[in-house]
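The next block holds one structure in the form of structure tokens; read it before the comments.
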Amino acid sequence: MKSSDRSLLAGREYVGVDKIDGPLVYVRKTHPVGYQELVEVVDKTGHVRLGQVLDTSEDAVVVQVFEGTTELTMPTTRVRFRGEPLSLEVSEGMLGRVFNGLGVPIDDGPAPVGEEERDVNGLPVNPTARLYPRDFIQTGISVIDGMNTLIRGQKLPIFSGNGLPHNELAAQITRQAKIRGGESNFAVVFAAMGVKHDVARYFIDSFESSGVLENVALFLSLADDPSIERLITPRSALTLAEYLAFDKGMHVLVILTDMANYCESLREISTLRGEIPSRKGYPGYLYSDLAEIYERSGMIEGRSGSITQLPILTMPNDDISHPIPDLTGYITEGQIVFEREMNGRNIYPPVAGLPSLSRLMKDGIGGDMTREDHPHLASQLFAAYSYVKDVRNLASVIGEEELTPLDHKYMEFGEAFERQFVSQAVDEDRTIEETLNLGWEVLRKLPAEELHRVTDEELEKYYEG
Amino acid sequence: MSERVVGTVQRVNGPVIEARDISDAMMMELIHVGDVGLVGEIIKLSGTNATIQVYESTTGIAPGDPIYGSGMPLSVELGPGLMGQIYDGIQRPLVRLKDRSGAFIERGEEEPALQREKKWPFVPELEAGVQVKGGQILGSVQESERVQHRICVPPLLSGTLKSLAPEGEYTVTDEIAVVEDAEGNEHKLTMMQRWPIRNPRPTAQRMPLTTPLITGQRVIDTLFPLSKGGTVAIPGGFGTGKTMTQHAIAKWCDADIIVYIGCGERGNEMTDVLTEFPELVDPRTGTSLMERTILIANTSNMPVSAREASIYTGVTLAEYYRDQGYHVAIMADSTSRWAEALRELSGRMEEMPAEEGFPAYLPTRVAEFYERAGIMNTLSDREGSVSIIGAVSPPGGDFSEPVTQHTKRFVRCFWALDRQLANARHYPAIGWLDSYSEYINDIIGYWTQQVGEQWAEDRREIMDLLQREVRLQQVVKLVGPDALPDSQRFVIEVCSLFKNGFLQQNAFDDVDRYSTVMKQARMLELILTYWRKGRDAIKQGATIVRLRKMKVVQDLIKMKFNIENDDEASFDKLQARLERSFDRLESLYEE
């Protein structure tokens, strides 16, 4: 059958379904339905729920219903196939508004006038069309700016745990992030997947108090919304972000929280469909699926905007080798890792020095971007702090008194590094110069011969100066 | 796209399609699905049904859509114009796709891999009338400033050369030769050939792997060398520097041609290569690095089945240049993504899984891939090689997972990336305890010839010291360094010097990013001189503090930055200073 004939059949309504299993609805003997086609499922009260085709064959079609299947009955449910994939009407008017995961407004306002309709799954960017990101974003947070620099167009997740201040850090970055000598054409797209109402409230209040709310579009699929809706939430959010960045030239910061909930939903659907699981019951395509989300960031040749992603995920049981943080780390360009022990010692932000990493840092710092000593200073801080960890382990075995004088100096350095350099107030906004000078200040706890990673000129200028 | 309908879609499940009413389709045939013409491949035939793996997103494909056959297996186009290109997993030229349809990759796009209009200057090397056999060189084309492309007879053809085009400019589809085979059939040859990606190209014979692939990375060349034609796996968790290591090797190794396969990795990494390589100059030839590089980019958000094919596409291109007598190195980043693509497709086909959901044929596929490496006597009687450097991304950094384990069975060199080293920003983070190279005995001859007999002994000694240091560190962890005698503390001291001053290499430093064989050998020799003389001094009563405080030690640590690759004179000077320092030290104790 030609696809032109098929569009004539689109919209035909089927009354009655054959099986309902969790969020999945099975319909037998339909006209040929396309894979991932948009579906409208109408319950007996006439309410329309949206869904998507997961599997299509000549005998049956499997539909996943985003708003859940509660109260659907087999004989009275009506199903309409729309003949096109799930799409979102996007426009600049969506900024300052609140939507559910599918992009339907839930803030009592009128539906925004759409400027264009986009397939929420997006299309892969041609790698040759990408522009390598290298613009430094100053977040005002020393441990990020100095050692894990955020670059415009980067995807840098926060690996956190329950009860750690990831929301505070994300909100602080949103408030303080700026490009040096920068423009102001920015927007924030916020996607909440399965987070609690008060967390969403916290972000809204934080955006409001810093006066950016009219530049924020929120896509909320909260903890009590159907879990299946979470699968589409980040895609809706990123579809809008792509439109704002690549068609309207805005610099978009996308916050996705919490990716662990997204993955849970994916596992739920996979299990219901009886797919062969890989690690911890997650489907084998978890990597590809996450990549479809995370790779929708960056910059494109000839377009002035950018998408910077800041996904937040809580590591189950603080385990960084769990499939969710593990696969995320393989896709994203670095990670900010939180450490519970630092949080316990009241260090905010509790960013673990060693496992955190920004892969795009190397091209966005130094000379004209930040300051010429930045690359070597960061490398020296990492090396010294790494040795501190060894010394602390040793001290816990043989006792601090037994350490050599040099190791004592390292202990002092470690303390200063954590208390002065890493630690800062939730509303403290440090410039990059302040951050770098602070880095040298804590390095002065160590003798100059120990600093192998900085040049003699840098030592002269910053260490002794 | 042909109009030969070979079947009809019956079921769509992600990238896997089941088809019915299959007529004359063959196994592994390249097909197109639906009116948009998505590219796919037949992977199973049963009665009148077939299973098809589709290389693009199947959104919108419905039961009843037609399937068109192409009559040939999934193949690559081989000929002038490959060099410097960037292709996707099924050899679609990404730059030309972008020029045609913009920044996003639409579905069903077709564009020939080799540009049809471009004319190449062909220089014949044979005369009409001679007997030719498969693989024999007919003539050549200057493909890039650095690569002379040799046009060969297709491997499976032999006979009489009836005609050969004179010197001149031709497109890849112009006829340049006619060969009459034994049965009297005439074959018209162009500069372009096709080859199915899943079949290795034939060669005359395998040769012993006695020449190292010099990468310019000291930890590799000195401690864990790779042979030309060898295979190596680089496993490491995220953030341990797999991609950085691959990039460094792609930039500085002494292969003639690099095929870089970005298999299911980040889009920006390919962009990085694309922006950086054209600007870098190859130290050996003075030409741009892009002149010897072919990129295959199938990033993580591009369709998963094309990811499966990308590995084979890359290795086939490499074999084609090997057959022309070149040394080719393949970087496959990452083979785990390829294995995961196999797993995903296998799952969609509802096959019975083996370990961790991977199909039972995973080890077979891994072995087939790595066996395509080797140094060969080609059909044209030249020496050419394919070396494979495969990154492995074990989940959670755990090397006991199936892909790492199976890969280990089929490679002879293993560069294990160490999380602790990476955390301390010690790059390249190749750990010296878990890594190994089985090629070391094969290539000692090469080093002896280049830098003298002493090298093998030096290398053995430093490996020995590194092992001793590990044991000493265990003691230090329990009782602290002060409990050790100075002679043992000096071992730790020398190893620390070796790690900082030799193993660690800064990829962004203009001097340090690449070291020649000479520089590596001299650095090793200097560090060992410090060790041997220091050890003797301690025996005579010198203290560790004195040895540590010697001014020359700072110069040893920084020699990697301060002494250029060919600057033997500076090494001689440093050697002399080191010896003088020890003489002064000794004179102190002799009195």
Side-chain angles (χ1 to χ4, degrees), chain A residues 1-3 6 32-37 55-58 85 121 123-133 275-279 284-285 287-288 291-292 295 298 300-301 303 321 323 326 329-331 333-335 354-355 357 360 362 379 382-383 386 393-394 397-398 402-404 449 452, chain B residues 10-13 18 34-35 57-65 86 94-95 97-98 102-106 238-239 264 266-268 270-272 274-275 297 299-302 304 337 340 343-344 347 353 356-357 393 395-398 423-425 476-482 500 508 554 557:
Chain A
M1 192 179 319
K2 290 270 176 201
S3 42
R6 223 165 64 212
V33 171
Y35 181 66
Q36 291 198 330
E37 207 169 275
D55 193 330
T56 172
S57 70
E58 287 172 336
N121 292 306
L123 286 167
V125 179
N126 187 323
T128 62
R130 281 185 187 271
L131 207 61
Y132 194 70
E275 291 172 338
I276 294 164
S278 62
R279 289 169 68 215
Y285 51 80
Y287 177 83
S288 305
E292 278 174 22
E295 279 287 325
I300 289 182
E301 239 175 48
R303 319 263 176 113
S321 66
D326 189 49
Y330 276 120
I331 306 164
E333 286 142 350
Q335 64 277 339
L354 303 181
L357 170 76
L360 300 185
K362 61 184 168 63
S379 168
F382 271 120
S386 155
N393 286 340
L394 182 61
V397 180
I398 62 170
E402 299 294 312
L403 293 177
T404 62
E449 312 82 90
H452 300 311
Chain B
Q10 188 173 27
R11 176 182 175 201
V12 188
N13 178 8
E18 279 165 29
D35 295 330
S57 160
T58 49
T59 300
I61 296 295
D65 283 352
I86 173 165
L94 288 171
V95 174
L97 279 188
K98 176 185 70 178
F104 294 89
I105 302 176
E106 305 276 347
F238 65 80
R266 303 175 184 87
N268 275 336
M270 297 316 288
T271 316
D272 190 14
L274 275 176
T275 40
T299 55
S300 55
N301 55 339
M302 284 156 82
V304 66
R337 305 294 162 235
E340 282 165 14
R343 173 169 74 185
E344 181 170 341
E356 292 194 16
S393 318
D398 170 13
N423 279 351
R425 302 307 190 258
V476 169
K477 278 203 181 105
L478 291 176
V479 295
D482 284 344
N500 281 316
F508 307 109
Q554 290 299 319
I557 290 181

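We name chains A, B, ... by the order of the sequence lines, and we start the count at 1 in each one.
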What one should report as the nearest heavy-atom pair of A:S288 and B:V304 is OG-CG2, 4.1 Å
In this structure, CD of A:E402 is separated from CG of A:L394 (nearest 0.5 Å) by 9.5 Å
If one checks every heavy atom of B:I557 against chain A at 4.5 Å, the contacting part turns out to be side chain
Rounded to the nearest 0.5 angstrom, the CG-CG distance for B:L274 and A:L131 is 11.5 Å
Whatever's closer than 4.5 Å to a heavy atom in chain B on A:E58 counts as both
Under 4.5 Å to a heavy atom of chain A? For B:E356 that would be both
Heaviest contributor of heavy-atom pairs below 4.5 Å to chain A, chosen from B:G397, B:G102, B:G480, is B:G480
Per-residue tally against chain B (heavy atom, under 4.5 Å) across A:K362, A:E292, A:E301 peaks at A:K362
| said: Looking at B:R425 and A:L354, would you say the former's side chain and the latter's main chain have a donor-acceptor pair under 3.5 Å? | reply: yes
Residues B:A103 and A:R303: closest non-hydrogen pair is CB-NH2, 4.1 Å
ask   = Short question: side chain of B:D398, backbone of B:P395 - any donor-acceptor pair under 3.5 Å?
value = no
Cut-off 4.5 Å, heavy atoms of chain B, and the answer for A:R130 is both
Interface check, chain B: of A:S379, A:P277, A:G329, most non-hydrogen pairs under 4.5 Å belong to A:G329
Scored by heavy-atom pairs under 4.5 Å with chain B, the best of A:S321, A:S278, A:P355 is A:S278
Bottom line for B:N500: the part with an atom under 4.5 Å from chain A's heavy atoms is side chain
Under 4.5 Å to a heavy atom of chain A? For B:K477 that would be backbone
Honestly, the part of A:I300 sitting under 4.5 Å from a heavy atom of chain B is side chain
Nearest heavy-atom contact between A:G34 and A:T56 is C-CG2, 4.2 Å
Ranked by heavy-atom pairs below 4.5 Å to chain A, first place among B:M270, B:M302, B:K98 goes to B:K98
Max heavy-atom pairs within cutoff under 4.5 Å with chain B, candidates A:A291, A:G298, A:G334, A:A383, goes to A:A291
When the 4.5 angstrom heavy-atom criterion is applied to B:T58 and chain A, the contacting part is both
Under 4.5 Å to a heavy atom of chain A? For B:R266 that would be both
Most contact-rich option vs chain A, by heavy-atom pairs under 4.5 angstrom, among B:P481, B:S393, B:G239, is B:S393
Okay, A:Y287 and chain B: the region with an atom under 4.5 Å from a heavy atom over there is side chain
When the 4.5 angstrom heavy-atom criterion is applied to A:E449 and chain B, the contacting part is both
Residue from B:S300, B:G357, B:G264, B:S57 scoring the most non-hydrogen pairs under 4.5 Å with chain A is B:S300
Side-chain (A:E295) to main-chain (B:G267) donor-acceptor, under 3.5 angstrom: yes
Looking only at B:D272, B:V476, B:N13, the option with the highest number of non-hydrogen pairs under 4.5 Å against chain A is B:D272
B:D65 vs A:P32 side-chain heavy atoms within contact, under 4.5 Å: no
If one checks every heavy atom of B:Q554 against chain A at 4.5 Å, the contacting part turns out to be side chain
If one checks every heavy atom of B:I86 against chain A at 4.5 Å, the contacting part turns out to be side chain
The interface call for B:F508 against chain A, heavy-atom contacts under 4.5 Å, is side chain
Within-4.5 Å side-chain heavy-atom neighbours: B:L97 and A:T128:
no
Honestly, the part of B:V12 sitting under 4.5 Å from a heavy atom of chain A is both
TODO: Could you go through the side chain to side chain contact (heavy atoms under 4.5 Å, CB included) check for B:F238 and A:I331 one step at a time?
DONE: CA-CA 9 Å; B:F238 65 80; A:I331 306 164; over 6 Å; no
When every non-hydrogen atom of B:T275 is compared with those of A:Y132, the smallest separation belongs to OG1-CB, 4.3 Å
Whatever's closer than 4.5 Å to a heavy atom in chain A on B:T299 counts as side chain
Cut-off 4.5 Å, heavy atoms of chain B, and the answer for A:E333 is both
Applying a strict 4.5 Å limit to non-hydrogen atoms, the region of A:D55 in contact with chain B is both
If one checks every heavy atom of B:D482 against chain A at 4.5 Å, the contacting part turns out to be side chain
Smallest heavy-atom separation, A:P127 atom then B:T271 atom, equals O-OG1, 3.4 Å
Okay, A:S57 and chain B: the region with an atom under 4.5 Å from a heavy atom over there is both
